[in-house]
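What you are looking at is a predicted structure, and each value in this text was computed from that prediction instead of being measured.
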Amino acid sequence: MVAFIALAMLFLINDRVAASMDIIQELKAKLESSRRKRQLPIIAPGFDPALQRIDVSGRHEFVPPAQGDQRGPCPGLNALANHNYLPHNGVATIRQFTEATNKVFGMGLDISLFLSVYGAIFDGNLEKWSIGGPSDGVKLAAFLSQPQGISYSHNHYEGDGSPTRGDLYLCGEAYSLQLCQFKQLYFMQNDTKEANYTIPIIRLFEEIRLNHSISTNPFFFYGFISGFGVANGAHHFIYRFFANKSAEFPEGKLDRYVLKTFYAISGDDNNLIYTPGHERIPENWYRRAFDDEYTLLLFFGDLIATGLVNPQTLALGGNTGTVNSFTGVNVADLTGGVYNAKTLFEGNNLACFLVQSIQMVVPSFFKGPLIALSSVLLHLFKGINGSGLTLDNCPQLTRLNESVYSIYPGYTKYANGTYPTFGNCTC
């Protein structure tokens, strides 16, 4: 019986991967044909109102979620579902996630495809996933566990130090907006008319959020994926994707109205109200220019620039059971000397380590079929320095020494989507 189940699992997983690979290869070809010649914003992008305006009328008119529709920790994905750019039930395929985020926000196809595949692997059934919690629309098989969606993807697609979502250990869940956190960002700009939540403002806000988590959450954990990648991305994406473009502000202006709209906030400054799941795209809102899509190259540029201002955003590690006990991970110990704090940022090593780390944490029965997906993930980093990447020319990392994480309760005590106890959810 065990052998039969194992064989059935293998066939099912391979079928899922094969179906996904067909879509991924098609999207990869589209990515190749659309790579921008100008990878860095040396000059200001142009502005074409006819092309960049996002339709929020007709079939894309705002419709709030109904009972059973999934909404979760990502305001952008919630807004896409509420405007029918993603399926309104909040469950979408790799193709749908990739195309919607590219079409509406101007997210580079490399980032959008990477995040779509990552969600399908860790939070879905290798074909699709939920932007909220578990859904009947995302099944593996009766003998496999139910995919949990990104609302219950702690230390994978969601992590501590989020801009507007609370730390899991402190709040008991990490998918709802914490109004006090939103207010911290909102009131960093006092002039309603001239407010613009630019990258320098976002960087300062990220520093505040990280320091708060370290000083209040004994289980704070900042992993390579959940911290270095996801938490940093969640902060930078606020301005990079939500800022409204215009002839005057071709790179975007993120004012109070637009910020509140994307975060489902209403009311005046003295009475801000959060309505869960009601994130929306503002009227008269314009996406990034088509020659200025936000690619992996630009994202890594943001990471490095932010790290120069606040090195803590690039520090892997966590608290060790008490507040203010942040202890960094020794990269050499984690990788058996294959990488260290210096070589990790040389050449293609950061991209290699990212994909290799994903491989290492995938359940063993997924690893064989997912080798093909991994090669695609590496391909996505091709535009960073112009050279093709394969597993063959990466440093040979064969295992992660996860024992280095044993001192972090935010890593060791997380099980079944939660922690055994919780603290106080405050700002």
Side-chain angles (χ1 to χ4, degrees), residues 54 56 59-101 103-105 107 112 115-116 118-120 122-125 127-139 146-154 156-159 162-168 171-182 185 226 230-231 233-235 237-238 241-242 258-267 272-282 285 417-418 425:
I54 297 302
V56 291
R59 68 183 299 265
H60 293 302
E61 184 177 357
F62 171 78
V63 177
Q67 184 175 359
D69 290 337
Q70 297 293 332
R71 300 294 183 268
C74 179
L77 295 181
N78 292 346
L80 291 177
N82 287 337
H83 286 276
N84 203 38
Y85 283 102
L86 287 175
H88 198 265
N89 66 355
V91 174
T93 64
I94 290 173
R95 178 194 296 277
Q96 289 170 326
F97 280 117
T98 301
E99 293 181 344
T101 51
K103 177 178 181 178
V104 175
F105 295 122
M107 179 183 286
S112 60
L115 293 176
S116 300
Y118 184 82
F122 285 98
D123 305 306
N125 64 2
E127 290 182 299
K128 55 188 176 180
W129 44 278
S130 163
I131 67 175
S135 170
D136 290 339
V138 186
K139 295 286 190 180
Q146 168 77 49
Q148 295 299 294
I150 63 172
S151 285
Y152 301 95
S153 185
H154 191 63
H156 284 151
Y157 217 106
E158 170 277 317
S162 165
T164 61
R165 270 56 184 174
D167 290 0
L168 177 61
C171 296
E173 53 93 348
Y175 49 81
S176 298
L177 179 141
Q178 300 301 317
L179 190 56
C180 62
Q181 290 181 218
F182 177 85
L185 173 59
S226 62
V230 174
H235 282 86
F237 289 178
I238 296 171
F241 294 134
F242 293 167
V258 172
L259 185 71
K260 288 167 63 177
T261 304
F262 271 114
Y263 278 95
I265 302 293
S266 59
L272 295 176
I273 300 170
Y274 166 53
T275 306
H278 282 228
E279 295 85 351
R280 59 197 304 167
I281 301 169
W285 185 83
T418 189
C425 189

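For the pair L185 and L259, the minimum side-chain heavy-atom distance is below 4.5 Å. Counting only heavy atoms from C-beta outward, the side chains of N84 and R59 approach each other to under 4.5 Å. Residues V91 and L86 form no side-chain contact, since every pair of their non-hydrogen atoms from C-beta on lies 4.5 Å or further apart. Taking the side chain as every heavy atom from C-beta outward, Q178 and C171 approach each other to under 4.5 Å. Between R280 and V56, every side-chain heavy-atom pair lies at or beyond the 4.5 Å cut-off. Contact check for I150 versus F122: no side-chain heavy atoms found under the 4.5 Å cut-off. Residues Y85 and I281 form a side-chain contact, since some pair of their non-hydrogen atoms from C-beta on lies under 4.5 Å apart.
The backbone N or O of H60 sits less than 3.5 Å from a side-chain atom of H83, completing a donor-acceptor pair. Of the possible polar contacts, none joining the K139 side chain to the P147 backbone as a donor-acceptor pair under 3.5 Å is found.
With rounding to the nearest 0.5 Å, the separation of CD in E158 from CG in D167 is 8.5 Å. Residue I238 holds its CD1 atom at 7.0 Å from OG1 of T164, rounded to the nearest 0.5 Å. Between the CD atom of Q70 and the CG atom of L77 there is a distance of 12.5 Å, given to the nearest 0.5 Å.
Checked against the 6.0 Å centroid criterion, the rings of Y175 and Y152 qualify as a close aromatic pair. Taking the six-membered ring for Trp, F182 and Y274 have ring centres at least 6.0 Å apart.
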Next item on the list: Check the pair H88 / D69 against side-chain contact (heavy atoms from CB on, under 4.5 Å), numbers first and verdict last.
Entry: CA-CA 7 Å; H88 198 265; D69 290 337; 3.0 Å; yes

Checklist line | Test side chain to side chain donor-acceptor pair (under 3.5 Å) applied to Q148 and S151, step by step | finding: CA-CA 7 Å; Q148 295 299 294; S151 285; over 6 Å; no

Next item on the list: Go through D123 and H156 one step at a time and tell me if the side chain to side chain donor-acceptor pair (under 3.5 Å) criterion holds.
Entry: CA-CA 9 Å; D123 305 306; H156 284 151; 5.1 Å; no

Note to self: Pair T98, S116 - check side chain to side chain donor-acceptor pair (under 3.5 Å), show working.
What the structure shows: CA-CA 6 Å; T98 301; S116 300; 3.1 Å; yes

Notebook entry, point to check: Could you go step by step and tell me if W129 and F97 meet the ring-ring contact (aromatic ring centres under 6.0 Å, His included) rule?
Noted result: CA-CA 9 Å; W129 44 278; F97 280 117; 3.8 Å; yes

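Classified by interplanar angle (parallel below 30°, tilted 30° to 60°, perpendicular above 60°), the ring pair Y263/F242 is perpendicular.
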